[in-house]
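Quick notes on the structure that follows.
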Amino acid sequence: MSSSTGTYPPQEGHAKTNEELYQRLNKLVSSWPCFPALSNYQLYRHENGWHGSLAPMVGTMVADACFAARPSDVVVATLPKSGTTWIKALLYSTVRRREHPVGSPDHPFNSLGPHECIKFFEYQLYTGNRIPDLDELPDPRLFATHAPFASLPRSVLASGCKIVYVCRDPKDHLISQWSFANKFRVRDGLEPLSVEAAADFFCDGVSPFGPYWDHVLGYWRAHLAHPEQVLFFRYEEMSRDPAAHVRRLADFAGCPFSVEEEEVGVVDAIVKLCSFENMTGLEATKGGKTELVFGAVENSSFFRRGVVADWVNHLSPEDAGRIDAITEARIRGSGLRV
């Protein structure tokens with residue numbers, strides 16, 4: 001896979017290894033408190049207060065130590081199951097639209113999933129003792145992470161590179177994460193977890209890269225302090241007007257749409273390309289897989305129709321009220337709406 005496509009060169013031959021660093025961080029994380037959680041993986045509590053399974057937490061810390069950001073980089077940041085696949089597709093097709101026009105037969109989405117086009121630091125790049133060589137990637141380089149703001153690679157903050165954050169309603173986020181986790185529990189021969197148990201974990205803050213409220217508030221406050229560096233989207237607003245958000249993405253990433261592009265409908269074409277209906281019909285989605293630190297995942301697993309307020313079909317009024325009460329208390333005075 002050549003760097004000219006805007007995706008990643010193969011790891012083999014393009015990565016150093018640092019077994020000592022990975023072993024040291026594995027030992028450190030393994031010494032921290034751990035808890036049962038939504039998935040079949042235990043979650044460790046980072047010294048910064050967030051939770052993660054062993055390998056992605058180590059990958060986050062290796063990226064912090066080793067990743068060298070450029071001012072032109074763009075990093076997608078989300079909690080899991082908060083519109084990550086969609087924002088990756090929108091960002092990639094917007095930033096790479098001149099190399100890969102929408103509708104071109106060799107568009108990367110015809111052979112690669114969005115997670116292969118914009119890779120996670122902690123799930124794909126900094127794994128398996130590797131320190132990847134990312135210098136060959138064309139500017140602007142595009143990356144992704146689920147890490148909280150306080151645990152981003154230090155060079156991301158120092159470089160002034162761009163961060164695109166997507167926030168989702170906490171109850172919808174929980175339901176999407178619960179549905180995703182149960183797919184893998186069933187695959188691994190475990191009983192599905194009840195939504196009541198999932199709500200208990202969530203309210204206790206024991207969720208991947210959570211507590212939810214700490215994660216969202218970290219990026220919200222960074223956005224308020226540095227709006228030129230941190231773009232803050234709400235999934236619900238994206239769903240109502242995706243074209244407006246594509247334009248904001250383009251402006252933020254430094255590649256605004258020209259008058260000519262607007263006239264011929266490029267923005268609407270990108271929205272259509274990245275729609276649930278189109279993406280789920282692609283062969284790369286139906287038959288492809290993405291290699292993550294814990295194994296190959298079918299691309300179709302990343303797609304779930306993210307209907308706004310779908311939580312009403314799953315959560316009891318009591319659990320919904322409990323989440324609302326915690327949310328109101330945690331975000332009071334911040335100016336944030338979720």
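Note: hydrogens, waters and symmetry copies are ignored here, and every other heavy atom, side chains too, is used.
Considering only heavy atoms from C-beta on, Pro80 comes within 4.5 Å of Phe209 through its side chain. With contacts defined as side-chain heavy-atom distances shorter than 4.5 Å, the pair His314/Ser179 does not qualify. Looking at Val216 and Pro170, their side chains never come closer than 4.5 Å, going by heavy atoms from C-beta outward. Contact check for Cys167 versus Tyr219: no side-chain heavy atoms found under the 4.5 Å cut-off. Between Phe149 and Arg221 the shortest side-chain heavy-atom distance does not fall below 4.5 Å. Here the side chains of Phe252 and Lys162 are in contact, with some heavy-atom distance below 4.5 Å. You'll find the side chain of Tyr126 reaches within 4.5 Å of the side chain of Tyr22, heavy atoms only. Taking the side chain as every heavy atom from C-beta outward, Pro108 and Glu116 never approach each other to under 4.5 Å.
No more than 12 heavy atoms of other residues, nucleotides or ligands shown are found within 6.0 angstrom of CD on Glu328. For Glu228, the CD atom is densely surrounded, since the number of other residues' heavy atoms within 6.0 Å is greater than 12.
Under the side chain to side chain contact (heavy atoms under 4.5 Å, CB included) rule, Asn129 has a single partner from Gln23, Glu20, Glu19, which is Glu19. Exactly one of Leu174, Ile326, Val338, Ile323 qualifies for a side chain to side chain contact (heavy atoms under 4.5 Å, CB included) with Tyr212. That residue is Val338.
Atoms CG and CE, on Leu249 and Met238 in that order, are 7.0 Å from each other to the nearest 0.5 Å. A distance of 11.0 Å separates CZ in Phe143 from NZ in Lys119, rounded to the nearest 0.5 Å. The OG1 atom of Thr145 sits 10.5 Å away from the CZ atom of Phe67 when rounded to the nearest 0.5 Å. Once rounded to the nearest 0.5 Å, the distance linking CE of Met57 with OG of Ser151 reads 8.0 Å. Distance check: Tyr165 OH to Ser82 OG gives 6.5 Å after rounding to the nearest 0.5 Å. How far CG of Leu231 is from CD1 of Ile87: 8.0 Å, rounded to the nearest 0.5 Å.
Residues Ala250 and Arg97 approach most closely at CB-NH1, 4.5 Å, considering heavy atoms. Nearest heavy atoms, Ser30 versus Asn26: OG-O, 2.7 Å. The two residues Thr327 and Trp213 come nearest to each other via the heavy atoms OG1-NE1, 2.9 Å.
Leu43 and Leu190 sit in two unconnected hydrophobic clusters of ILVMFWY residues. Membership requires side-chain heavy atoms under 4.5 Å apart, directly or through other members. A single hydrophobic cluster is not seen to contain both Leu38 and Val186; linkage of ILVMFWY side chains at heavy-atom distances under 4.5 Å, directly or through other members, places them apart. Under the 4.5 Å side-chain contact rule for hydrophobic residues, Leu54 and Leu28 share a cluster. Hydrophobic clustering, with ILVMFWY side chains joined whenever heavy atoms are under 4.5 angstrom apart, groups Val264 together with Ile270. The hydrophobic clustering, which links ILVMFWY residues whose side-chain heavy atoms are closer than 4.5 Å, places Leu224 and Ile163 together.
Using modelled atom types, one side-chain atom of Arg234 and one backbone atom of Arg337 make a donor-acceptor pair closer than 3.5 Å. For the pair Asp251 (side chain) and Pro256 (backbone), a donor-acceptor distance under 3.5 Å is absent. Distance alone, capped at 3.5 Å, is enough to place a donor-acceptor pair between the Gln229 side chain and the Cys161 backbone. Side chain of Arg247 to main chain of Val267: no donor-acceptor pair is present (N/O by atom type, distance under 3.5 Å, no hydrogens or angles). Side-chain atoms of Arg141 never come within 3.5 Å of backbone atoms of Val74 as a donor-acceptor pair (strictly under, hydrogens ignored).
Taking the ring axis of Phe202 as reference, the NZ or CZ atom of Arg322 does not stay both within 45° of it and closer than 6.0 Å to the ring centre.
Taking the six-membered ring where the residue is Trp, the centroids of Trp220 and His223 are separated by under 6.0 Å. Less than 6.0 angstrom separates the ring centroid of Tyr92 from the ring centroid of Phe109.
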ring-ring contact (aromatic ring centres under 6.0 Å, His included) assessment of His146 paired with Phe120: CA-CA 8 Å; His146 287 319; Phe120 287 109; 4.7 Å; yes
Test side-chain contact (heavy atoms from CB on, under 4.5 Å) applied to Phe121 and Leu152, step by step: CA-CA 10 Å; Phe121 291 132; Leu152 285 174; 5.7 Å; no
Check against side-chain contact (heavy atoms from CB on, under 4.5 Å), Arg70 and Asp135: CA-CA 10 Å; Arg70 299 174 187 164; Asp135 291 343; 4.1 Å; yes
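Between the side chains of His100 and Ser93, no donor-acceptor pair is found at a separation under 3.5 Å. Side-chain atoms of Arg130 and Thr127 include a donor-acceptor pair closer than 3.5 Å.
Comment: Arg248 does not engage Glu237 in a salt bridge, judged by the lack of any side-chain N to carboxylate O separation of less than 4.0 angstrom. Using a cut-off of 4.0 Å between Lys/Arg side-chain N and Asp/Glu carboxylate O, Lys171 and Asp319 are scored as not salt-bridged. A salt bridge links Glu261 with Arg98; the closest basic N to acidic carboxylate O contact falls under 4.0 Å.
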